[in-house]
Amino acid sequence: MESFSSKDMAMKAQNKILSRMASKSMVQMFIDDTSSEILDEFYRVSKIHSGNRTEAQKVVKDLVKVVVKVGVLFRHDRFSTEELSLAQDFKKKLHQGVMTAISFQEVEFTFDKAVMTELLTDCRDILLKLVEKHLTPKSLGRIRHVFNHYSDQDLLTNLYTPGGPLWPNLTKICRDLNKLVEEGKL
């Protein structure tokens with residue numbers, strides 16, 4: 001007998017629709033204003049660093065798709081108890097990364113690219129393990145693309161250079177990350 005689940009079908013349809021609608025206007029339906037401003041700064045950082053508008057758009061679009069898909073999985077209770085434990089590990093590691101990023105920005109010349117790269121790589125690996133049974137290889141590739149892009153040591157070094165071209169972007173990112181932490185969202 002064939003197994004049928006309207007819940008599964010609804011989730012697949014929702015994922016399909018969301019994967020095609022990662023425009024800025026659709027992002028605002030799922031991501032608050034502060035997070036949207038952070039994404040805008042991530043785009044600017046990527047564009048300035050790479051000099052490639054298309055690549056900057058692609059990496060932010062991939063980030064949005066990943067956030068939305070993981071949110072859909074969580075909202076539909078798709079994670080097992082073990083995976084929920086991994087989700088908590090990811091949340092802790094992400095929080096640690098955010099606090100470290102803010103600290104490195106607030107105290108000039110404390111930036112350590114090896115520490116930041118390791119935190120981002122750990123986040124990537126935990127997230128991949130969390131969603132590997134739920135997302136397609138293409139979506140897993142998006143996760144790798146986003147984390148590999150933002151953990152690039154040249155990008156991080158340029159970002160954390162006081163007075164450098166990316167410093168104002170980093171200042172805005174950290175201000176907004178701090179706001180999300182204070183609001184209990186990160």
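Heavy atoms only: backbone and side chains are in, while hydrogens, waters and symmetry mates are out. Please read all numbers here as calculations on a predicted model, not as lab measurements.
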Given Lys172 and Asp176, is the salt bridge (Lys or Arg N to Asp or Glu O under 4.0 Å) satisfied, shown in steps?
CA-CA 6 Å; Lys172 291 175 188 171; Asp176 290 341; over 6 Å; no
Taking all non-hydrogen atoms of both residues, which atom of Leu180 and which atom of Ser35 are closest, and how far apart?
CD1-OG, 3.7 Å
Can you tell me if Ser36 uses its side chain to pair, donor with acceptor, with the backbone of Asp32 under 3.5 Å?
no
Check the surroundings of atom CD in Glu118: do more than 12 heavy atoms from other residues, nucleotides or ligands lie under 6.0 Å from it?
no
Would you kindly say whether Glu55 and His145 are connected by a side-chain donor-acceptor distance under 3.5 Å?
yes
Report, as yes or no, whether the 6.0 Å neighbourhood of atom CD on Glu82 holds more than 12 heavy atoms from other residues, nucleotides or ligands.
no
Once you round to the nearest 0.5 Å, how far does CG of Leu86 lie from CD1 of Ile126?
7.5 Å
Would you say that His49 contacts Leu159 through its side chain, given a criterion of any heavy-atom pair below 4.5 Å between the two side chains?
no
Does the pair Lys93/Asp89 count as a salt bridge with the N-to-O cut at 4.0 Å?
no
Do Val60 and Val146 come within less than 4.5 Å of each other through their side chains, counting heavy atoms only?
no
Does any non-hydrogen side-chain atom of Glu132 lie less than 4.5 Å from one of Lys129?
yes
Val66 and Leu127, any side-chain heavy atoms less than 4.5 Å apart:
yes
What is the distance from atom CD of Glu83 to atom OG of Ser85, rounded to the nearest 0.5 Å?
10.5 Å
Do Tyr150 side-chain atoms and Phe42 backbone N/O form a donor-acceptor pair below 3.5 Å?
yes
So Lys65 and Val68, do their side chains get closer than 4.5 Å, heavy atoms only?
no
Could you tell me whether a side-chain N or O of Ser139 sits under 3.5 Å from a main-chain N or O of Leu135, the two making a donor and an acceptor?
no
Apply salt bridge (Lys or Arg N to Asp or Glu O under 4.0 Å) to the pair Lys179 and Glu182, showing each step before the final yes or no.
CA-CA 5 Å; Lys179 183 178 177 183; Glu182 288 171 2; over 6 Å; no
I'd like a table of donor-acceptor pairs (distance under 3.5 Å, sequence neighbours excluded) in which one partner is a side-chain atom from residues 100-111, with atom names and distances.
{"residue": "Thr100", "atom": "OG1", "partner": "Gln96", "partner atom": "O", "Å": "2.8"}
{"residue": "Gln105", "atom": "NE2", "partner": "Thr171", "partner atom": "OG1", "Å": "3.3"}
{"residue": "Thr110", "atom": "OG1", "partner": "Val107", "partner atom": "O", "Å": "2.6"}

Side-chain donor or acceptor of Asn148 paired with backbone N/O of Arg144 under 3.5 Å:
yes
So do Met99 and His95 actually touch side chain to side chain, heavy atoms under 4.5 Å?
yes
Answer yes or no: is there a side-chain heavy-atom contact under 4.5 Å between Leu166 and Asn169?
yes
Do the side-chain N and O atoms of Asn158 and Thr161 include a donor-acceptor pair separated by under 3.5 angstrom?
no
